Amino acid sequence: MAMTAAILGAFAVAGTTLVALTEEDTKVLIAQNERASLQRKLNEVVPRAAYDNDITADTTLAASKPLLGSPKPLTVYRARMEGRPVAAVLETVAPDGYTGAIRLLVAVRYDDESLLGVRVIEHRETPGLGDWIDSERSDWISHFAGHSLSDPDDLGWRVEKDGGIFDQFTGATITPRAVVKAVHNSLKYFQTHKDELFRTTEAATGAPQEGIEHGTE
């Protein structure tokens with residue numbers, strides 16, 4: 001009886017240990033995959049040759065409900081070359097999508113404050129119509145590159161139906177209108193806070209920076 005109990009106990013310990021080791025290995029794999037996916041998204045809006053730092057670790061936080069679309073701090077990824085600022089990639093939210101919030105990455109050059117690129121990283125828009133903002137299904141989102149706060153002017157930062165320069169989709173104006181507004185607001189935020197965002201901190205050496213927020217208006 002005692003021998004049977006000992007054997008069952010040994011199997012239980014071995015099983016628990018195996019499950020724990022498998023779970024730990026899975027966590028590491030998931031974290032690696034998420035980091036690789038983030039790196040690919042960032043490189044879609046900031047060419048890899050344009051920076052030499054670890055952009056996924058050189059981060060800070062920014063919060064502005066009116067300009068970044070969220071009351072919660074959002075991550076800003078900072079691209080540098082030989083320690084000098086190259087571009088910032090702002091996480092931002094378009095809260096007024098057709099079926100909810102649309103999360104974006106907005107990359108802005110440090111020198112002339114023009115857009116390097118924009119990508120949608122999460123949305124719940126209606127299938128078909130929402131495809132237009134997905135870079136894998138449409139090139140609509142790529143048309144932001146090169147624009148800035150002065151190109152076009154404020155009136156131009158609208159969809160064509162509202163008198164601006166950006167195409168809206170056939171039968172769907174709400175989605176592109178929300179994205180255009182969010183990108184425009186991100187440029188406004190960057191213009192006001194860019195030096196603050198790139199202030200040299202220990203995060204610039206690669207250590208994740210937490211607890212520092214910029215622009216909490």
Side-chain angles (χ1 to χ4, degrees), residues 41-47 50-51 55 62-70 74-79 85-123 125-126 128-198 214-215 217:
K41 284 288 184 184
L42 292 171
N43 288 345
E44 288 181 16
V45 291
V46 182
Y51 64 91
I55 191 172
S64 172
K65 186 175 181 180
L67 295 182
L68 298 180
S70 171
L74 300 172
T75 303
V76 178
Y77 303 91
R78 301 177 292 192
V86 171
V89 184
L90 290 80
E91 285 189 355
T92 189
V93 178
D96 42 5
Y98 185 70
T99 56
I102 301 169
R103 293 181 59 226
L104 305 158
L105 289 177
V106 179
V108 190
R109 293 181 188 275
Y110 181 83
D111 53 2
D112 64 3
E113 301 175 11
S114 64
L115 287 164
L116 272 167
V118 178
R119 289 292 184 276
V120 171
I121 55 176
E122 184 179 319
H123 73 85
E125 299 303 276
T126 305
L129 296 178
D131 291 349
W132 286 92
I133 60 175
D134 187 337
S135 63
E136 295 183 358
R137 294 177 171 81
S138 164
D139 67 350
W140 182 84
I141 203 77
S142 67
H143 294 168
F144 288 103
H147 289 296
S148 65
L149 284 180
S150 59
D151 176 23
D153 59 17
D154 282 349
L155 293 178
W157 273 100
R158 303 174 184 182
V159 296
E160 290 178 340
K161 185 176 182 180
D162 299 333
I165 70 165
F166 296 97
D167 293 340
Q168 66 271 335
F169 322 136
T170 302
T173 303
I174 295 175
T175 301
R177 182 185 285 149
V179 174
V180 170
K181 180 181 177 183
V183 175
H184 189 206
N185 283 339
S186 297
L187 286 170
K188 292 178 181 176
Y189 181 89
F190 183 77
Q191 184 181 64
T192 305
H193 297 287
K194 73 173 189 177
D195 289 327
E196 191 180 346
L197 291 174
F198 275 98
H214 305 283
E217 67 265 38

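In what follows, residues are counted from 1 in the order of the sequence shown. What's counted below: heavy atoms across the whole structure, side chains too, no hydrogens, waters or symmetry copies. Just so it is clear, the model here is predicted, and its values are computed rather than measured.
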All heavy atoms of Ala182 vs all of Ala94, minimum pair found to be CB-CB, 3.7 Å
Any heavy-atom pair between the side chains of Leu187 and Gln191 that's under 4.5 Å? no
Can you name the closest pair of heavy atoms from Val120 and Lys41 and give their distance? O-NZ, 4.0 Å
Mind checking salt bridge (charged side-chain N to carboxylate O under 4.0 Å, His left out) for Asp96 and listing every partner two or more places apart, or none if nothing turns up? Lys181
side-chain contact (heavy atoms from CB on, under 4.5 Å) between Tyr77 and Glu91: does it pass, once the steps are laid out? CA-CA 8 Å; Tyr77 303 91; Glu91 285 189 355; 3.4 Å; yes
Got a donor-acceptor contact below 3.5 angstrom from the Asp153 side chain to the Leu155 backbone? yes
Determine whether Ile133 and Leu104 make a side-chain contact, defined as any pair of heavy atoms from C-beta on separated by less than 4.5 Å. no
Heavy-atom count check: over 12 atoms from other residues, nucleotides or ligands less than 6.0 Å from Trp132 CH2? no
Do Glu160 and Gln168 have side chains that approach each other closer than 4.5 Å (heavy atoms only, starting at C-beta)? yes
Would you indicate whether the side-chain heavy atoms of Thr92 and Asn185 approach each other to under 4.5 Å? no
Are Val45 and Leu116 close enough that some pair of their side-chain heavy atoms sits under 4.5 Å apart? no
Counting heavy atoms not belonging to Tyr98, are there more than 12 under 6.0 Å from its OH? no
Arg109/Ser114 under side-chain contact (heavy atoms from CB on, under 4.5 Å): CA gap, chis, key distance, verdict: CA-CA 5 Å; Arg109 293 181 188 275; Ser114 64; 3.2 Å; yes
State, yes or no, whether a side-chain contact exists between Leu74 and Leu90 at a heavy-atom distance under 4.5 Å. no
Leu42 versus Leu105: any side-chain heavy-atom pair under 4.5 Å? yes
Are the side chains of Tyr51 and Asn43 in touch, meaning some heavy atoms are under 4.5 Å apart? yes
When you look at Leu149 and His184, which way does the side-chain contact (heavy atoms from CB on, under 4.5 Å) test go after all the steps? CA-CA 7 Å; Leu149 284 180; His184 189 206; 3.5 Å; yes
Please enumerate all residues that pass ring pair (Phe, Tyr, Trp, His ring centres under 6.0 Å) together with Phe166, with sequence neighbours excluded. Phe144, His147, Trp157
When you measure from the side chain of Glu125 to the backbone N and O of Thr99, does any donor-acceptor pair fall under 3.5 Å? yes
